Participant: 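For reference, the structure I am asking about is given below.
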Number of protein chains: 2
Amino acid sequence: MALHETESEVARAMLYAVQGGKGLRAFLVIESALLFGIARTHAAPAAAAIEALHSYSLVHDDLPCMDDDDLRRGKPTVHRQWDETIAVLAGDGLQALAFELVLQTVCPAERRIHLARSLADAAGVRGMVGGQMRDIAAESSDRALSLAEITALQAGKTGALISWAASAGACMAGQDQGALRHYGDRLGTAFQIADDVLDVEGDVQAVGKAVGKDAGRGKATFVSHLGVDGAKRRASDLVAEACDALSVYGEKAETLRQAARFVISRRN
Amino acid sequence: MALHETESEVARAMLYAVQGGKGLRAFLVIESALLFGIARTHAAPAAAAIEALHSYSLVHDDLPCMDDDDLRRGKPTVHRQWDETIAVLAGDGLQALAFELVLQTVCPAERRIHLARSLADAAGVRGMVGGQMRDIAAESSDRALSLAEITALQAGKTGALISWAASAGACMAGQDQGALRHYGDRLGTAFQIADDVLDVEGDVQAVGKAVGKDAGRGKATFVSHLGVDGAKRRASDLVAEACDALSVYGEKAETLRQAARFVISRRN
């Protein structure tokens with residue numbers, strides 16, 4: 001490849017990585033913004049930012065030295081489609097892009113700073129990176145995790161970004177984030193339980209990534225602790241709690257409630 | 001290792017990675033802030049941010065799939081001291097930390113946003129990540145880079161962060177960044193030329209990382225194009241230009257001029 005094309009090769013890998021997702025986190029940002037009368041166009045940079053950040057985490061999580069996955073979103077992972085070098089750089093570039101985007105959110109400057117700082121916190125060692133580390137450490141440990149430990153780990157690994165997305169609208173509006181944080185926390189755990197169930201019950205074609213991996217690795221999950229039916233009940237209870245948390249917003253929050261119900265009925 | 005220790009293991013690797021550097025970029029942030037009467041304590045978060053960001057880039061650049069280096073800052077690289085998993089996560093965590101820190105810089109909110117956005121731009125695919133990509137692509141190419149191509153590549157790979165650091169004070173003060181950008185651009189290139197010279201002339205003990213790598217790889221550098229003496233003359237000319245660019249600040253900028261002279265006389 002010609003030298004001037006190499007930068008755009010990383011850019012192509014970045015675009016490839018963000019495409020084909022469900023867009024759940026972007027959806028949560030936009031819908032939580034609409035709750036406060038914030039225009040979609042004003043919230044859109046924050047929605048794009050969370051998708052860029054989430055996609056970077058998937059690209060790096062899929063690396064051979066991490067989860068070593070070949071399939072993501074129904075297509076080859078970035079290091080399989082290109083190579084590890086491009087995958088590391090595309091992930092790094094997506095994280096930088098996420099902060100560039102979130103700082104373009106249209107709201108007063110102090111709130112924009114708060115939004116970006118809370119995103120950095122959710123992404124960092126106390127949030128997503130910390131959760132990912134614990135997940136990998138658990139796999140190489142000879143002791144199975146307790147349910148409380150799995151819940152805590154997942155609160156970092158997937159919960160932090162989902163919770164940030166769900167409360168982003170309140171942050172942009174300068175309003176109390178409590179109810180949306182509560183909703184986001186419950187939704188995040190329900191989302192992860194649904195993921196564990198899909199790993200057992202799902203079809204690789206529909207799910208778009210490898211399935212049956214957890215059992216194959218002897219990994220402790222919500223399903224290994226609660227069984228498939230118990231896990232589904234737990235997820236259903238969490239979704240009910242998530243919906244209840246939004247009662248303060250009345251009918252306006254119905255789309256967010258539907259999203260919560262979708263999360264545990266999804267097939268991918 | 002016990003499970004509750006694993007998060008702090010990444011935190012330990014992050015701390016390990018930021019220690020032992022020259023702190024040139026932090027120094028540039030503080031000194032450029034002092035030019036405008038901004039207190040060190042107000043600029044300190046931005047100085048810490050650029051060191052976190054620079055350190056993340058070193059940790060990832062040293063990975064086996066990138067430059068595959070064993071020694072950095074006189075000690076084993078993170079993936080040698082720990083493993084690749086920790087190195088990827090520590091780098092990722094350091095990038096998030098950099099944005100958390102820069103957003104704590106003490107200056108008016110709009111300027112803080114500008115500072116953070118320009119940092120994201122310097123870090124991303126149009127800056128550092130893009131330059132790193134071109135560098136790696138050049139090594140696997142069978143055509144040697146021209147001097148102009150090396151200059152352009154290095155402007156991204158090392159120049160973008162140095163230039164950001166040098167102009168950070170003007171950004172915090174809401175003043176014109178032109179002179180400091182000019183200084184930073186020249187300084188960045190001079191810094192890279194000095195690095196190429198150290199790779200030829202330096203001692204691994206003093207330099208703190210492997211030397212003789214470029215020639216061993218047949219890599220085109222400033223030295224391979226200009227020769228050692230020619231490269232030193234070029235660096236010296238650039239430092240003179242960098243110093244001249246600060247004439248508008250008079251005697252106040254003397255420490256920054258000394259820093260520029262240090263960059264080409266350094267032994268590590």
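Throughout, a chain's letter reflects where its sequence line sits, starting with A, and its residues are numbered from 1. All figures in this text were calculated on a predicted structure; none of them were measured in a lab.
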Participant: Grab the two heavy atoms, one from A/Met133 and one from B/Ile86, that are nearest each other, plus how far apart they are.
Facilitator: CE-CD1, 3.5 Å
Participant: If you count heavy-atom pairs under 4.5 Å with chain A, which of B/Glu110, B/Met66, B/Gln95 comes out on top?
Facilitator: B/Gln95
Participant: Are the side chain of B/Thr85 and the backbone N or O of A/Cys65 linked by a donor-acceptor pair below 3.5 Å?
Facilitator: yes
Participant: Measure the CD-CD distance between A/Glu84 and B/Glu84 for me, rounded to the nearest 0.5 Å.
Facilitator: 6.5 Å
Participant: Just wondering, more than 12 heavy atoms not from A/Arg80 lying within 6.0 Å of its CZ?
Facilitator: no
Participant: Minimum heavy-atom separation for B/Ala96 and A/Ala120, please, with both atom names.
Facilitator: O-CB, 3.6 Å
Participant: To the nearest 0.5 Å, what is the distance between CZ on B/Arg112 and CD1 on A/Ile113?
Facilitator: 3.5 Å
Participant: Evaluate the ring planes of B/Phe99 and A/Phe99, with Trp represented by its six-membered ring, and classify them as parallel (under 30°), tilted (30 to 60°) or perpendicular (over 60°).
Facilitator: parallel
Participant: So which residue, A/Pro64, A/Gly156, A/Pro108, A/Ala109, ends up with the most heavy-atom pairs under 4.5 Å with chain B?
Facilitator: A/Ala109
Participant: Can you tell me how far the CG atom of B/Leu103 sits from the CG atom of A/Asp121, to the nearest 0.5 Å?
Facilitator: 11.5 Å
Participant: Got a sec: does the CZ of B/Arg234 have more than 12 other heavy atoms crowding it under 6.0 Å?
Facilitator: no
Participant: Where on A/Ile136 is there a heavy atom nearer than 4.5 Å to chain B: the side chain, the backbone, both, or neither?
Facilitator: side chain
Participant: Just so I know, are the side chains of A/His60 and B/Leu89 near enough to count as touching, which here means a heavy-atom distance under 4.5 Å?
Facilitator: no
Participant: With a 4.5 angstrom heavy-atom cut-off, which part of B/Met128 approaches chain A: side chain, backbone, both or neither?
Facilitator: neither
Participant: With chain B as the partner, which of A/His79, A/Glu100, A/Met14 has the greatest number of non-hydrogen pairs under 4.5 Å?
Facilitator: A/Glu100
Participant: Hey, which of B/Gln104, B/His114, B/Gln132 has the most heavy atom pairs under 4.5 Å with chain A?
Facilitator: B/Gln104
Participant: With a 4.5 angstrom heavy-atom cut-off, is it the side chain or the backbone of B/Leu63 that approaches chain A, or both, or neither?
Facilitator: side chain
Participant: Could you check whether atom CZ of A/Arg111 has more than 12 heavy atoms from other residues, nucleotides or ligands sitting under 6.0 Å from it?
Facilitator: yes
